[in-house]
> 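Handing you a structure now.
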Amino acid sequence: MYISRLALDHFRSWDQCIIDIDPGITIFYGSNGLGKTNIVEAIEFLSAGITHRANSAKPLIQAGHTTSYIRANIVENSIQENNLTNYSLTLSSRGGHRIRVNNGKSQYHRDIIGHIPSVTFAPEDQQLVSSDPSIRRRFLDTAAIALIPGYYDLLQRYSHIAKQRVALLKNVATARLSNSSVDSMNDLFTGLEIWTTQLAQAGISITRARLDVINKISEPFTRIYKHIAGEHNDITINYRPSYDEIYRDKDPYDEVIDHYQRLFDGEVAQGRNLIGPHRDDVEFLLNNMNAKEYASNGEIWSIALALKMALYEVISQESEMKPILILDDVFAQLDNSRRSQIIEFASSIDQVLITVAAREDVPQELLNQKTHDSVHFVDVQKLKDFETVIDNVPSLDEFMSSSYERGDVHE
Ligand SMILES: Nc1ncnc2c1ncn2[C@@H]1O[C@H](COP(=O)(O)OP(=O)(O)OP(=O)(O)O)[C@@H](O)[C@H]1O
C-alpha cells in the first residue's frame, strides 16, 4: 500500500502543501522547523486519529484557523490497476472530524480509522521505556487503534466519561464543604453512580483490548529483540493494568465497582479518577530486570525498535496490507548497528517516508540498498517556496485526476 498524493490546507505550519509521492523510499529534507515532520504527521493522523506528538487535532490545525484539510490518494494494491482511493478529511477545532472517501457521503473520521495503516519511528520512541507511563499508554493506544476495530471510538468515549465523572467528584467535594442538603447530596450520588458504571464498563473494554494487543505483540517482540540484540537476551513485555481485577477468572465488573467504592473519599478529596486505563503501564523485563531501571541507552533503543517492528508485523498480518513506514528524524539518534537494522527492515516495505535535516544525514547504506527501485528526495524548502504561489485550492475532482506540477521538488 502507498500514498500517491497528499494535499494539506492549514495543517500545522502549512498554508498549503501538495505533493506527489512514489512508492519505495521518499526522503523529505530541509532545515529545522521547516515543516517536514508536519507532512508525515498528517499521514499519521489520517491513519490513526492520533499522532506521536498529538492526542487530538487541536494542535494540528494551523494557528489562527478553525479548520484544516488532509487529502490523500491511496493505492492499496500496486499490482491491480484503478485501485486508487481518495480520502478527504476535514479537521475541525470543535471536534467531530468528517471524512469523504471517493467523494462519497460524509462520515466520521473514526469510521475509517485503520483503513490506511501506518507505523512511525520517531525520536520520542527513546522515551518509550524509561519515561512517563503516558508514553507507553500512547503506544498501546496507537497499536490498539490499528488492531482492534472500534477501539478509537471506545477511547474517545472513555475520555468523555472520565471528564464528566471528575466534574461530579468536584461537585461532591464542594457540596460537602458547603453542607448541602441530603436531597442534593443524593442527586449527586445518583449521577455519580451512573458515571461510575459507564467508566467501569468502558474502562474494562479498553483494558481487555490492551491486553489483547500485548498478547499479539509479545511473541514477535521477543523474537525481533533477540534478532537485534543477540540470542542471549531475554525480553518480555508485561501489561500492568490499573484494573488488575481483569486477571481474575470471573467478570471483573463487580470487583472494579467495589474498588471505586473503596477509593471514593480519596477520589472526592483529590478530584480525580484514581483507577482506570488512564493509569495503566507497560513493563519490559530484560534478562529478568526491569528495563526502566537497568537498561542501557542502546538497549532502550533496541527495545523501542523491536516494539515498533513487532507492531508492524502484526498489523501487516492482520490487515493483509503493508503499512506505510514513517521514519521521522531517527537516523541521527541511532548508532551504526541499530541504523542498519532499521534500514534492513525498511527494505521490504512498499512505502517508506523519511525526514532528515540534511541530505548528508541519510545513511549511505540506505541509498545503496537494491530492494527498492529508487530513492526519491523531496526538497521541503522548495515545497515551502511554492506554497506562496498557490492561489486556488484545487477541487476534489482536480485533485483526483490532474497532475499538479509544483516544479522540481523531486529529485
Ligand atoms: N498549529 C500550528 N500552527 C502553525 N504553526 C505550527 C503549528 N504547529 C506547529 N507549527 C510550527 O511548525 C514548525 C515545526 O514543524 P516540524 O516539526 O514539521 O519541523 P521539522 O522540519 O520536522 O523540523 P526539525 O528538523 O527541527 O524536526 C514550527 O515552526 C512550529 O511552530
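Ligands are counted one by one from 1 in listed order, and the atoms in each one are counted from 1 as well. Remember, it's a predicted structure, so these values are computed and weren't measured experimentally. What you see below is based on every heavy atom in this structure, not just the backbone, and it leaves out hydrogens, waters and symmetry mates.
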> Determine which pairs satisfy salt bridge (Lys or Arg N to Asp or Glu O under 4.0 Å) with at least one residue from residues 198-207, sequence neighbours left out, and list them in order.
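Passing the test, one end in residues 198-207: no pairs.
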
> Would you list the pairs meeting salt bridge (Lys or Arg N to Asp or Glu O under 4.0 Å) in which at least one residue belongs to residues 53-66, sequence neighbours left out?
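Matches after skipping sequence neighbours: Glu41-Arg53.
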
> Any Lys/Arg nitrogen of Arg176 or Asp265 sitting under 4.0 Å from an Asp/Glu carboxylate oxygen of the other?
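Answer for the salt bridge query: yes.
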
> Keeping the roles fixed (side chain from Thr26, backbone from His376), state whether a donor-acceptor pair exists under 3.5 Å.
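No; zero donor-acceptor contacts below 3.5 Å.
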
> For ligand 1, list all ligand N or O to protein N or O distances below 3.5 Å, rounded to 0.1 Å.
from, atom 1, to, atom 2, distance (Å)
ligand 1, 1 (N), Pro59, O, 2.9
ligand 1, 1 (N), Ile61, O, 2.9
ligand 1, 3 (N), Arg12, O, 3.2
ligand 1, 3 (N), Ala63, N, 2.9
ligand 1, 8 (N), Arg12, NH1, 3.3
ligand 1, 12 (O), Asn38, ND2, 3.2
ligand 1, 15 (O), Asn38, ND2, 3.1
ligand 1, 17 (O), Arg53, NH1, 2.9
ligand 1, 17 (O), Arg53, NH2, 3.4
ligand 1, 18 (O), Lys36, N, 3.3
ligand 1, 18 (O), Thr37, N, 3.0
ligand 1, 18 (O), Asn38, N, 2.8
ligand 1, 18 (O), Asn38, OD1, 3.0
ligand 1, 18 (O), Asn38, ND2, 3.4
ligand 1, 19 (O), Gly35, N, 3.4
ligand 1, 21 (O), Leu34, N, 3.1
ligand 1, 21 (O), Gly35, N, 2.9
ligand 1, 21 (O), Lys36, N, 2.9
ligand 1, 21 (O), Lys36, NZ, 2.8
ligand 1, 22 (O), Thr37, N, 3.0
ligand 1, 22 (O), Thr37, OG1, 2.7
ligand 1, 23 (O), Gly33, N, 2.8
ligand 1, 25 (O), Asn32, ND2, 2.9
ligand 1, 25 (O), Lys36, NZ, 2.9
ligand 1, 26 (O), Asn32, ND2, 3.1
ligand 1, 26 (O), Gly33, N, 3.4

> Do any pairs count as a salt bridge (Lys or Arg N to Asp or Glu O under 4.0 Å) and have a residue in residues 213-233, sequence neighbours left out, and if so which ones?
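Pairs touching residues 213-233 that pass the test: Lys216-Glu318, Glu219-Arg223, Arg223-Glu313, Lys226-Asp234.
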
> Is it the case that Tyr239 and Asp280 place a side-chain donor and acceptor less than 3.5 Å from each other?
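Note: Tyr239 and Asp280 side chains meet the donor-acceptor criterion.
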
